[in-house]
Amino acid sequence: MNPLRPAPATWFFRLSVMLVLLARPPARAESPGDAAYRAQFRERCATAQAFMARETWDPGTDSRKRIYLGVVKVATGTDAATGLQYLEDAVADPAPWSCFETYAFMDAVLRLGLKLPPALVEKVQARLGASFTKDFGFTDNHMLQYRTARYLFGQTWPGGPALADGSTPVQSQREAAAWIERWIDSTVSRGMYEYDSPNYHHLYLLCFSSLYQYAHDERLRQKSWMMLQVLLADWATGYLQGNWVGAHSREKYNQVTHTREHTGAATQFGRLYFGDAPLRLDLAETYFISLGALQACECLPMIGRIATDRRQPYVLRALKAPRRGPRIHDGEPTWMYTYVTPDFAVGSSWGDLTDVENHRWDLTWVSPHDGTRCFFINPSYSAEQLSRYFDTPVDKVLADIVRQRPYYANPNKWIEGSPYEDVFQHENTVVALYDIPPDAARQHINGFFPHAIVERREQDGWILARADGVFFAVWTSAPGTWFAEPDYDRLTIVHPKTAVILEAVAARDERNFDAFCARMVRNRPVFDEKTLTASYTSTRGHRIQFTHHGARLVDGVTSNLDTWPLFEGPWLNAQRGTGTITLQYGRERVTLDFNSATVVDH
């Protein structure tokens, strides 16, 4: 028998079917709402499957969509012939396979089993082997997709020929398993590197779901399920009626100004898992959700309840992994702080920057309108900044990145963290300080104010705004100029040393907008440009004092960043370095111990 051609009923096909049927979360006590969550989740999965199975792929558009639509069509039997043709054409396409193709096709071989012709499986196997080179990609989602595909490839075809990098399938499988476990252990100890990404988070969910469903190694399978729960629980705490609030890494330039449209490939997965907002399966790149809906890997039902319980305001603190790059030594981590209410959220981060596409802070509020957030940014533009993360020579890195991401050169771009910005937050108040050197390419700061704002006033240095269920005020230490854009107004401040203070309240908690405005203008923030120190007493009476890249004090008490927790909030808690994470909702309490790969249901 040709070693590349599996027989129609080989053991791995049978096993893959059995694993899908038997895949269940570890046994635990049931709560009254568990059955309801599971039924609603499965209904959303069925809706997504049915919708995506009817979609079509247009030649010349994103080639990844062809694969994902092919899989869902074949899996559901809806227009299966077209789906199979999509997969045949994708395999025949001479374009090189990256991590996206290798992961998607490896999962497809196991998921679709006997629904794929043996000849097609043989071609997939050959292309996978040829695609497993020494290149694992730069970002974590690339590395994880490659390792997931490699692990499952070696498990499925252990006796196959050597891969493109010279390793055997078994050697590659072992390396992949070790890397994945190291990634999990590092993430639950130090924090996630590519954190809370509206554009890439779903790839982590997909990979760990595949590993949970198909890995033979019970420890890896268990830890994959546990990691999936952590990724979803972290998201659930920052979920607000379909919005993913707070700071983000890896958010694209054309996503950050939206809250309902074009919000990123990952964001609809929140709606799939948690509900509380309609699925928008018509948005760009939603095709990824077709595989998530087929996997239907449930989170703990308590996580679903966490995502939708917004009866009381709460504070979240989190720590993300130290930055890394060819010119970074002992990079700082990212400290995150998010204040969530039923009507709005204020979220921020500080510390070292992510490589590209960093969204550092904002106010986001619940609304039927799109783009309901306010934030400021110094649209930095620097080869020196980029060369910290990319090994391209300094004299070539700017041209290289601008070629990949033309928006980067836009003087009014809305994404990309600035090394000249520093941020601090306490509850509903965020303070951003800017110290822009004379040689920086971008000497200005832009503020984003969407047209969804119903009323805007300016008085005594304050910008006072009313929108939907939120009132908010913004104070700037230097005046700016307004520019009207199609969907928003841009406030541009050209001053190298500037402080911006934003405070938000629920409209329901105020007598009226006039009273709110009168109360805010009585507050007189102070900003010393020489020491780059801002002092402000919030309307709740908290005294905030903050120095650019210096001390952070609230009511005279210094924030100790050295003791910042990995996760802290009403439901998700963990201390850094322990490898143990606790989930709690009411009387339900679950401990995920990654050191022993065990789950304890209290």
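If you're wondering where the values come from, they're calculated on a predicted model, not measured in any experiment.
No side-chain heavy atom of Met143 sits under 4.5 Å from any side-chain heavy atom of Trp183. By the 4.5 Å heavy-atom criterion applied to side chains, Glu332 and Pro322 are not counted as neighbours. Contact annotation: the side chain of Thr78 never approaches that of Lys73 to less than 4.5 Å [non-hydrogen atoms, C-beta and beyond]. Proximity of Thr286 to Phe288: side-chain heavy atoms (C-beta onward) are nowhere separated by under 4.5 Å. Within the 4.5 Å cutoff, the side chain of Leu203 has heavy atoms near those of the Gln145 side chain. With a 4.5 Å cut-off on side-chain heavy atoms, Val554 and Phe424 count as touching.
Side-chain atoms of Ser210 and Asp107 include a donor-acceptor pair closer than 3.5 Å. Counted by atom type alone, Trp235 and Asp196 present zero donor-acceptor pairs between their side chains at under 3.5 Å. Between Gln584 and Asn573, the side chains place no donor N or O within less than 3.5 Å of an acceptor N or O (distance only, hydrogens not considered). The closest side-chain donor-acceptor pair between Thr591 and His602 falls under 3.5 angstrom. Side-chain N/O atoms of Ser131 and Glu101 include no donor and acceptor closer than 3.5 Å. No donor-acceptor contact under 3.5 angstrom links the side chains of Glu251 and Asn199, judged on distance only. When only modelled atom types and interatomic distance are considered, Ser596 and Thr598 share a side-chain donor-acceptor pair under 3.5 Å. Judged purely by distance below 3.5 Å, without hydrogens or angles, the side chains of Glu194 and Tyr204 pair a donor atom with an acceptor atom. Side chain to side chain, Asp62 and Tyr287 meet the donor-acceptor criterion of an N or O pair below 3.5 Å.
Ring pair Phe375/His359 is perpendicular by interplanar angle, where above 60° counts as perpendicular and below 30° as parallel. Taking the six-membered ring where the residue is Trp, Trp244 and His248 present perpendicular rings, their angle passing 60° and hence far from 30°. The aromatic rings of Phe132 and Tyr146 stand perpendicular to each other, their planes meeting at an angle above 60°, with 30° marking the opposite boundary.
Checked for salt-bridge contact, Arg219 and Asp217 miss the test: no charged N lies under 4.0 Å from a carboxylate O. Residues Glu175 and Arg147 are paired through a salt bridge, judged by an N-O separation under 4.0 Å between the basic side chain and the carboxylate. A salt bridge links Arg540 with Glu427: the closest approach of a Lys/Arg side-chain nitrogen to an acidic carboxylate oxygen falls below 4.0 angstrom. The existence of a salt bridge linking Arg42 and Glu298 is confirmed by a sub-4.0 Å separation between a basic side-chain nitrogen and an acidic carboxylate oxygen.
For an aromatic pair to be called close, the ring centres must be under 6.0 Å apart, and Trp97 with Phe105 satisfies this. Taking the centre of each ring, His426 and Tyr339 stay at or above the 6.0 Å mark. The distance between the ring centers of Trp564 and Trp350 falls below 6.0 angstrom. Ring to ring, Trp179 and Phe136 are not that close: their centroids are 6.0 angstrom or more apart.
In this structure, the side chain of Arg589 does not engage the main chain of Tyr585 through any donor-acceptor pair within 3.5 Å. Distance alone, capped at 3.5 Å, places no donor-acceptor pair between the Thr338 side chain and the Gly347 backbone. A donor-acceptor pair is defined here as one N or O able to donate and one able to accept, closer than 3.5 Å; no such pair exists between the side chain of Arg324 and the backbone of Tyr193.
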Item to check | side chain to side chain donor-acceptor pair (under 3.5 Å) between Arg111 and Gln213, worked out | outcome: CA-CA 9 Å; Arg111 190 164 305 282; Gln213 291 185 324; 2.7 Å; yes

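Taking the ring axis of Phe100 as reference, the NZ or CZ atom of Arg64 stays within 45° of it and closer than 6.0 Å to the ring centre.
The environment of CZ in Arg317 is crowded: more than 12 heavy-atom neighbours from other residues, nucleotides or ligands sit within 6.0 Å.
Separation of atoms CD (Gln312) and CZ (Arg310) is listed at 12.0 Å; rounding is to 0.5 Å. For the atom pair NZ (Lys223) and CG (Asp185), the distance works out to 3.5 Å, reported to the nearest 0.5 Å. Between the CZ atom in Arg250 and the OG atom in Ser197 there is a gap of 6.0 Å [rounded to 0.5 Å]. Atoms OG1 and CZ, on Thr341 and Arg311 in that order, are 15.0 Å from each other to the nearest 0.5 Å.
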